[in-house]
Amino acid sequence: MKIIILPNKKICKYGKILKFKKLYKENLCEFLIKNNINIDNNCGGFGKCLSCSVFINEGFSFFEISSLKLSYILSCQLYNINCNIIVSIL
């Protein structure tokens, strides 16, 4: 499976495609940092600071998150990814 990071002037200038089998214990933010995408993570992954927000461009319908609106989510709170997604880092 793949996570496609769309180009971003500040964080990922040319975009990137990251491959994975399934993210079980680590969240999207940890996975991005481990793969050299320097996303902000000011609160250490506790969902308090909003600095790791991402926009899910495609793959949104596969997530079972009732409170998710407008496809924005904190990457530190997104676990159990088991589908291809396309994200923009905000």
Side-chain angles (χ1 to χ4, degrees):
M1 289 177 249
K2 299 177 203 169
I3 295 175
I4 299 172
I5 310 298
L6 295 179
N8 177 306
K9 291 179 184 179
K10 183 177 162 186
I11 296 171
C12 188
K13 188 174 182 180
Y14 300 106
K16 196 166 189 177
I17 298 174
L18 305 173
K19 294 182 181 182
F20 66 98
K21 291 186 181 181
K22 183 174 179 182
L23 300 181
Y24 290 102
K25 294 184 179 180
E26 68 182 344
N27 57 45
L28 178 60
C29 186
E30 292 168 348
F31 181 75
L32 294 175
I33 290 170
K34 188 191 315 182
N35 285 280
N36 299 317
I37 304 293
N38 296 321
I39 188 167
D40 290 334
N41 187 9
N42 297 333
C43 69
F46 292 103
K48 304 284 184 188
C49 67
L50 307 176
S51 66
C52 67
S53 296
V54 296
F55 182 82
I56 301 174
N57 299 74
E58 192 172 312
F60 170 70
S61 61
F62 295 103
F63 298 112
E64 298 175 10
I65 302 171
S66 59
S67 63
L68 191 59
K69 297 182 182 186
L70 299 172
S71 302
Y72 289 97
I73 191 166
L74 298 177
S75 62
C76 68
Q77 301 300 306
L78 187 56
Y79 291 87
N80 297 325
I81 299 172
N82 59 1
C83 61
N84 295 331
I85 61 171
I86 299 175
V87 299
S88 298
I89 299 173
L90 304 176

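Numbers for residues simply follow the sequence, beginning at 1. What you are looking at is a predicted structure, and each value in this text was computed from that prediction instead of being measured. The figures here come from the full heavy-atom set of this structure, side chains too, leaving out hydrogens, waters and symmetry mates.
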List the steps and the verdict of side chain to side chain contact (heavy atoms under 4.5 Å, CB included) for Leu28 and Ile73.
CA-CA 10 Å; Leu28 178 60; Ile73 191 166; 5.9 Å; no
Could you tell me which non-hydrogen atom of Asn27 sits nearest to which non-hydrogen atom of Cys76, and how far apart they are?
ND2-O, 3.0 Å
Flag side-chain contact, heavy atom, 4.5 Å: Phe31 against Ile81:
no
A side-chain contact here means heavy atoms from C-beta on lying under 4.5 Å apart; do Val87 and Leu32 qualify?
no
Transitively linked via ILVMFWY side-chain contacts under 4.5 Å: [X] with [Y]?
{"X": "Ile86", "Y": "Phe20", "answer": "no"}
{"X": "Leu74", "Y": "Val54", "answer": "no"}
{"X": "Tyr72", "Y": "Leu6", "answer": "no"}

OG-CD1 distance between Ser75 and Ile37, expressed to the nearest 0.5 angstrom
11.5 Å
So OG of Ser88 and CD1 of Ile4: to nearest 0.5 Å the spacing works out to 11.0 Å
Exercise answer: donor-acceptor pairs, residues 38-53 side-chain atoms, under 3.5 Å, sequence neighbours excluded:
| residue | atom | partner | partner atom | Å |
| --- | --- | --- | --- | --- |
| Asn41 | OD1 | Gly45 | N | 3.0 |
| Ser51 | OG | Asn42 | N | 3.2 |
| Ser53 | OG | Leu50 | O | 2.9 |

Taking only distance into account, with no hydrogens and no angle test, what donor-acceptor pairs under 3.5 Å do side-chain atoms of residues 8-19 form with protein atoms, sequence neighbours excluded?
| residue | atom | partner | partner atom | Å |
| --- | --- | --- | --- | --- |
| Asn8 | OD1 | Lys10 | N | 2.8 |
| Asn8 | OD1 | Ile11 | N | 3.1 |
| Asn8 | ND2 | Ile89 | O | 2.7 |
| Lys16 | NZ | Asn35 | O | 3.1 |

